[in-house]
A.B. asks: 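Quick one: this structure, given as structure tokens, is what I'll be asking you about.
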Amino acid sequence: MNRNDRLRLWIVLIVIAVALAFTWPITGRVNLGLDLKGGAHIVLQAKDTPENPVQEDSIDRLLAVLRNRIDQYGVAEPIIQKSGTDRIIVDLPGIQDPAAALELIGRTAKMEFREVIAVSGASRAELLADEPIRSNYDDDFQFLDKKSQWEKALADFDNASADFVARSANIEGSIVAASEEDGRFYLLGQVLLSGGDLKTAGVTPDHLGRPAVSLTFNSEGAELFEQATGRLIGRQIAIILDNVVISAPVVQQRIPGGQAQITGRFSNEQAARLSIMLKAGALPVEVEIAENRSVGPSLGADSIKQGLEAGLFGAGMVLIFMLIYYQFRGLAADVALIVTILLIFAGLIAFKATLTLPGIAGIILTLGMAVDGNVLIYERVREERKAGKTPAAALESGFKKALVTILDSNITTLIAALVLFYFGSGSVRGFGVTLSIGLVASVFANIVVTRAILQLFIRNKKGGSR
């Protein structure tokens, strides 16, 4: 065995060892796409409003905010991309709670601090829940008297709400908003400071140990917050999120340093989502959910099972055919094919690519193309043997003549695969990823692995001339 043959064999062994190190154990190492792992597929439609119209850069800014939110949420391999001029497609593999993800990416998260001018009494929901029932009273007189009081309280609430709206029209910058916690209505003054003054947000326990969201303002926001709390001691400041009152604490003292806390009946997950939305910033335009589709993990498991069965069956048939038709050279082709599969999965893991169901089809297609390269080489070698050359010379000449054709066919296909990856989306991109990695792996296996094995066969006088 000459120096070049030994070098080629060592390259093959090193590549196989590195690939095995990347892929073993393979369970849980490959990122699975939405169609294999399950999750949420959401299409967001940007809404054009007079206050916040959709402009040329609105979708790009919307993409940036969504990526920031989803990255902090910890979703592995999300797909976030534009669709047309005013839509965004979001695929979130592995999401177990699609409703929570929907709230995270679809909520505007516009935060404001406002002075509380007035607040209603009991909420409408509380009043409706207290509607008198005849069976609870001894006679009709007591029931009718109680029902009359209830109807008056309900009318007073509606009148108070209407009065808030009328008063708001006469107070510049004021709004009427309902409380998320108890449904009361608040008449709120001008904005004291907003989410734009926020530096960071995080989850911390409140004084009772319940989950709360702590806020830290920038230097300008800290100054505004200190001035507001100093002026409104003994009064309420409402914390508004998307025009809903999240909390309305009473100011006990001037608060310097730009620190605040949003308290409420939060679970740990709700507090975490709220802090993420506040840190990532408000969506630049309003959005509505155009499509919301969940893919269950059971469907993903079925897809994986069927894809693997199809892949194993196809690979098995190819391996058997090559072994029967080309004998020892078929064995070399089979080894090269196994190395190709190993390199494909090593590439998926190394580049943290996402495997989708069309991606499995791309792998199966790659295996067929890898065998096609070996067939081309072997036929060239057979022609050289018929011309009277020795096995070693025929092998050398056959590889040189087949090399140009193999490179041409694979490069043109690789260009198409890269186009699919760059311009495609979702499963189309997954097909492009696996096809691209598979093409590179198959060319290496054809040119280097197959040749090294055949050279080894010839040197040991085990090659066939068929």
Side-chain angles (χ1 to χ4, degrees), residues 97 99-100 102-103 106-108 110-192 205-213 228-229 231-253 260-271 273-274 289:
D97 187 359
L102 198 62
E103 180 187 10
R107 194 167 183 177
T108 309
K110 178 183 176 183
M111 187 188 70
E112 295 175 338
F113 283 69
R114 289 177 178 263
E115 174 186 353
V116 176
I117 298 174
V119 60
S120 68
S123 69
R124 186 179 183 86
E126 290 173 333
L127 290 173
L128 291 174
D130 290 337
E131 180 179 2
I133 300 174
R134 174 63 184 87
S135 58
N136 293 334
Y137 299 90
D138 295 333
D139 52 51
D140 290 341
F141 178 78
Q142 291 181 356
F143 167 68
L144 293 174
D145 180 60
K146 194 64 178 179
K147 187 168 184 177
S148 176
Q149 295 177 26
W150 174 79
E151 290 174 347
K152 182 179 183 302
L154 195 61
D156 289 343
F157 177 85
D158 291 337
N159 292 334
S161 301
D163 178 61
F164 278 13
V165 174
R167 290 171 63 184
S168 174
N170 298 320
I171 303 175
E172 184 179 356
S174 65
I175 63 170
V176 177
S179 168
E180 182 180 62
E181 186 171 344
D182 57 19
R184 298 173 188 271
F185 278 93
Y186 288 76
L187 176 59
L188 306 172
Q190 294 184 344
V191 176
L192 301 172
D206 62 12
H207 65 285
L208 296 176
R210 299 173 301 186
V213 178
T229 53
R231 181 171 60 86
L232 298 173
I233 293 176
R235 298 175 61 185
Q236 288 177 284
I237 290 181
I239 304 170
I240 316 297
L241 185 68
D242 294 342
N243 293 322
V244 175
V245 178
I246 300 298
S247 182
V250 176
V251 179
Q252 303 295 336
Q253 59 184 4
Q261 191 178 65
I262 302 177
T263 59
R265 296 176 182 176
F266 298 130
S267 65
N268 286 316
E269 292 76 15
Q270 290 171 331
R273 287 198 299 271
L274 178 56
I289 309 301

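What you see is a predicted model, and the numbers here were worked out from it, not measured in a lab.
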A.B. asks: Could you pull out the closest heavy-atom pair between Gln236 and Val250, with the gap in Å?
C.D. replies: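 Minimum heavy-atom separation between Gln236 and Val250: CG-CG2, 3.7 Å.
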A.B. asks: So, taking the atom named NZ in Lys146 and the one named CG in Leu144, what distance separates them when rounded to the nearest 0.5 Å?
C.D. replies: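 Between atom NZ of Lys146 and atom CG of Leu144 there are 13.5 Å.
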A.B. asks: Look only at the side chain of Glu115 and the backbone of Leu192, and say whether a donor-acceptor pair between them is shorter than 3.5 Å.
C.D. replies: no
A.B. asks: Please name the pair of heavy atoms, one in Phe143 and one in Pro132, separated by the smallest distance, quoted to 0.1 Å.
C.D. replies: CE1-O, 3.7 Å
A.B. asks: Supply the atom-to-atom distance Ile175 CD1 to Ile117 CD1, rounded to the nearest 0.5 angstrom.
C.D. replies: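 Rounded to the nearest 0.5 Å, the CD1-CD1 separation comes out at 10.0 Å.
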A.B. asks: Shortest non-hydrogen contact from Phe185 to Phe164?
C.D. replies: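 Taking Phe185 first and Phe164 second, the nearest heavy atoms are O-CE2, 3.4 Å.
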A.B. asks: Could you tell me which non-hydrogen atom of Arg114 sits nearest to which non-hydrogen atom of Val191, and how far apart they are?
C.D. replies: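 Looks like NH2-CG2, 3.3 Å.
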A.B. asks: Indicate the atoms forming the closest heavy-atom contact of Ile233 with Thr229, along with that distance.
C.D. replies: CG1-O, 3.2 Å
A.B. asks: Report yes if some heavy atom in the side chain of Val116 is under 4.5 Å from a heavy atom in the side chain of Val245; otherwise report no.
C.D. replies: no
A.B. asks: Taking all atoms of both residues into account, what is the closest heavy-atom pair of Leu187 and Ile171, and its distance?
C.D. replies: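 Heavy-atom minimum between the residues: CD2-CD1, 4.4 Å.
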